[in-house]
**Q** 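Here it is, the structure in full.
Because only heavy atoms are used, hydrogens play no part in the values below, and waters and symmetry mates are left out as well, while side chains stay in. Bear in mind that the values here come from a model prediction, so they are computed numbers and not experimental data. Atoms within a ligand are numbered from 1 in the order they appear, just like the ligands themselves.
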Amino acid sequence: MFTMLRPLIFRLDAEAAHRATIAALRCTPRRRVPAFAASLASEVAGLRFPSPVGLAAGFDKDAEVPDALLSLGFGFVEVGTLTPRPQDGNPRPRLFRLVEDQAVINRMGFNNRGQGSALERLGKRARRGIVGVNIGANKESADRIADYVAGVGAMAPVADYLTVNISSPNTPGLRDLQAGGELVELLAAVRGARAPGGPPVFLKVAPDLEPGDHDRIVRAASDAAIDALIVANTTISRPRLGSCHAHEAGGLSGAPLAPLALAALRDFRSASGGSVPLIAAGGIATAADAWARIGAGASLIQLYSALVFHGPGLARRIADGLAKRLAERGMSSIADAVGSG
Ligand SMILES: Cc1cc2nc3c(=O)[nH]c(=O)nc-3n(C[C@H](O)[C@H](O)[C@H](O)COP(=O)(O)O)c2cc1C
C-alpha cells in the first residue's frame, strides 16, 4: 500500500505530507498493540520495553497519535519536543526530503502547541504501551534551565520517561547547554525537579561532539542520576550529499547520519563502559542497522527519517529481523546482544 501511495505523498510538500499522515493516523480505528517475540523484551531504566525499536522525537510533537503509532509496531514512542509555552517554530519551508540521499533536513525550531495541551491529551489515554515525553526550552526564554525544570514538573505525571533535549540545532544556543558548567548546572536543576517515584529521565545529545566531550557528558549524567543517553540528534555537519536540498540550513538525519551516529555511540560506550544505558538513533533503516547499534552497546534504538522512505511497516520489519537474528545465534534475550558486536 505504502509503495503505491509513495509517489503521491512525495508530490506533496514535506510538511503537508507529514500533517496528512498525522491526520490519517488520528482517523485510524483503534487496534490492539501488537505482540512481539518474547526475546525482544528487555528492562531498561526500570521500564519493561516489549521491543527495542522505538519512534524518535519530532514525528508526533504534540502527542496527537501516540497510541496509533504504538499499534504500527513500535515498542515505544517518544512525543515532543514540547516546550512550556506554545511556539510557531521557524518560517516555512523548514522540512526537506533528500530523496537521493535517503535523508531529511529540518529546521522546524520546536514548533508545538505547548506542554499544557499535550498534558491534557496524554492524561486521557489508557497508558497501554510506553510513551516518553521529550522536553525543551522556548526560543525566547530568558531562563532555559527553568524551562527544563518546568517541563519535568509538568510532564512527569503523564510520561513513562522524560527526555531532556539539549541537542536540537534549530533553537539558537540550545546546544551550548551541552558544554561543561552549563550541563552540570542544568542536570542538577533537573535532578532537583524530579519527584520521588517519578519517571526515569534520559538525556539526548548531538552527534557533533569533540573528543573528550563523551567522557565529560557521561560523568555529568552519572553524577545527576540520568537514567539513559539518547545518541543522537540530527547533525549540523554535511557529509557528501547528492540532493538539491543539500545546502538547506538545519539538522540532517537519515542515511548520511548513520556513520556519525554509530561513531558517537561507540564513543559513549567506551566512555561509559556500559554503566549508563544507551539508546541509539540516527540513520537506522534496517534490522541490520539496528543489530549493529545493539552490538555497539545500545539497549534500545529509535528511528524517524527511514519511516519517510520505507513506510509504516518498518518498525515491525526491523523487530522481526532482530528476533530472527537472536534465534539464529541461540540468544534468548535482546539484552544478551547489547555490546556483543
Ligand atoms: C522533521 C524532524 C523533526 C525532529 N524534531 C525533533 C524534536 O522535536 N526533538 C528531538 O529531540 N529530535 C527531533 N528530531 C530528531 C530525531 O528524533 C532523531 O534524533 C534524528 O532524526 C535521527 O534519527 P533518524 O536518522 O532516524 O531520523 C527530528 C527529526 C526530524 C527529521
**Q** Which of the numbered atoms in ligand 1 are under 4.0 angstrom from any heavy atom belonging to Val104?
**A** 31 (C)

**Q** Considering non-hydrogen atoms of the protein only, which is the closest contact for atom 15 (C) of ligand 1, and what is the distance?
**A** Asn233 OD1, 3.4 Å

**Q** Taking only heavy atoms of Asn165 into account, list the atoms of ligand 1 that are under 4.0 Å away from them.
**A** 9 (N), 10 (C), 11 (O)

**Q** Could you identify the single nearest non-hydrogen protein atom to atom 4 (C) of ligand 1 and state the distance to 0.1 Å?
**A** Gly58 CA, 3.6 Å

**Q** Flag the pair Gln302 / Ile230 as yes when at least one side-chain heavy-atom distance between them is below 4.5 Å, and no otherwise.
**A** yes

**Q** Please check whether Gly254 reaches ligand 1 - meaning an N/O of the residue sits under 3.5 Å from an N/O of the ligand, judged on distance alone.
**A** yes

**Q** Give the numbers and elements of all ligand 1 atoms closer than 4.0 Å to a heavy atom of Leu95.
**A** 1 (C)

**Q** Using heavy atoms and a threshold below 4.0 Å, how should the contact between Leu257 and ligand 1 be classified: side chain, backbone, both, or neither?
**A** side chain

**Q** May I ask you to check whether Ser141 and Asp143 show a side-chain donor-acceptor distance below 3.5 Å?
**A** no

**Q** Looking at ligand 1, would Ala232 count as a contact under a 4.0 Å heavy-atom criterion?
**A** yes

**Q** Identify the closest protein heavy atom to atom 13 (C) of ligand 1: which residue and atom is it, and at what distance?
**A** Ala57 O, 3.3 Å

**Q** So which atom in Leu241 and which in Ala246 form the shortest heavy-atom distance, rounded to 0.1 Å?
**A** CB-CB, 3.7 Å

**Q** Are Leu119 and Met155 close enough that some pair of their side-chain heavy atoms sits under 4.5 Å apart?
**A** yes

**Q** Please confirm whether Gly282 comes under 4.0 Å of ligand 1, counting heavy atoms of the residue only.
**A** yes

**Q** Below 30° counts as parallel, above 60° as perpendicular, anything between as tilted: where do the rings of His245 and Phe96 land?
**A** tilted

**Q** How close do Pro66 and Val79 get, heavy atom to heavy atom, and via which atoms?
**A** CB-CG1, 4.2 Å

**Q** Mind checking whether Lys61 contacts ligand 1 via backbone (N, CA, C, O), side chain (CB onward), both or neither, at a 4.0 Å heavy-atom cut-off?
**A** side chain

**Q** Do Leu252 and Pro239 have side chains that get closer than 4.5 Å, going by heavy atoms?
**A** yes

**Q** Take every heavy atom of Gly283, measure it against each atom of ligand 1, and state whether any distance is under 4.0 Å.
**A** yes

**Q** Nearest heavy atom to atom 31 (C) of ligand 1 wins, so pick from Ala258, Ser253, Ala103.
**A** Ser253

**Q** Please examine the side chains of Leu40 and Phe49, heavy atoms only from C-beta on, and report whether any two atoms are closer than 4.5 Å.
**A** no

**Q** Is the shortest heavy-atom distance from the side chain of Asp60 to the side chain of Leu25 under 4.5 Å?
**A** no

**Q** For ligand 1, which is the ligand I care about here, please tell me if Ser305 has any N or O atom under 3.5 Å from one of the ligand's N or O atoms.
**A** yes

**Q** Please report which non-hydrogen protein atom sits nearest to atom 26 (O) of ligand 1, along with the residue it belongs to and the distance in Å to one decimal place.
**A** Tyr304 N, 2.9 Å

**Q** Side chains of Arg219 and Leu183: does their closest heavy-atom pair fall under 4.5 Å?
**A** no

**Q** Starting from atom 18 (C) of ligand 1, what is the nearest protein heavy atom, named by residue and atom, and what distance separates them?
**A** Lys204 NZ, 3.8 Å

**Q** To check your reading of the model: name the closest protein heavy atom to atom 9 (N) of ligand 1, its residue, and the distance in Å.
**A** Thr81 OG1, 2.7 Å

**Q** Between the side chains of Ser117 and Arg121, is a donor N or O closer than 3.5 angstrom to an acceptor N or O?
**A** yes

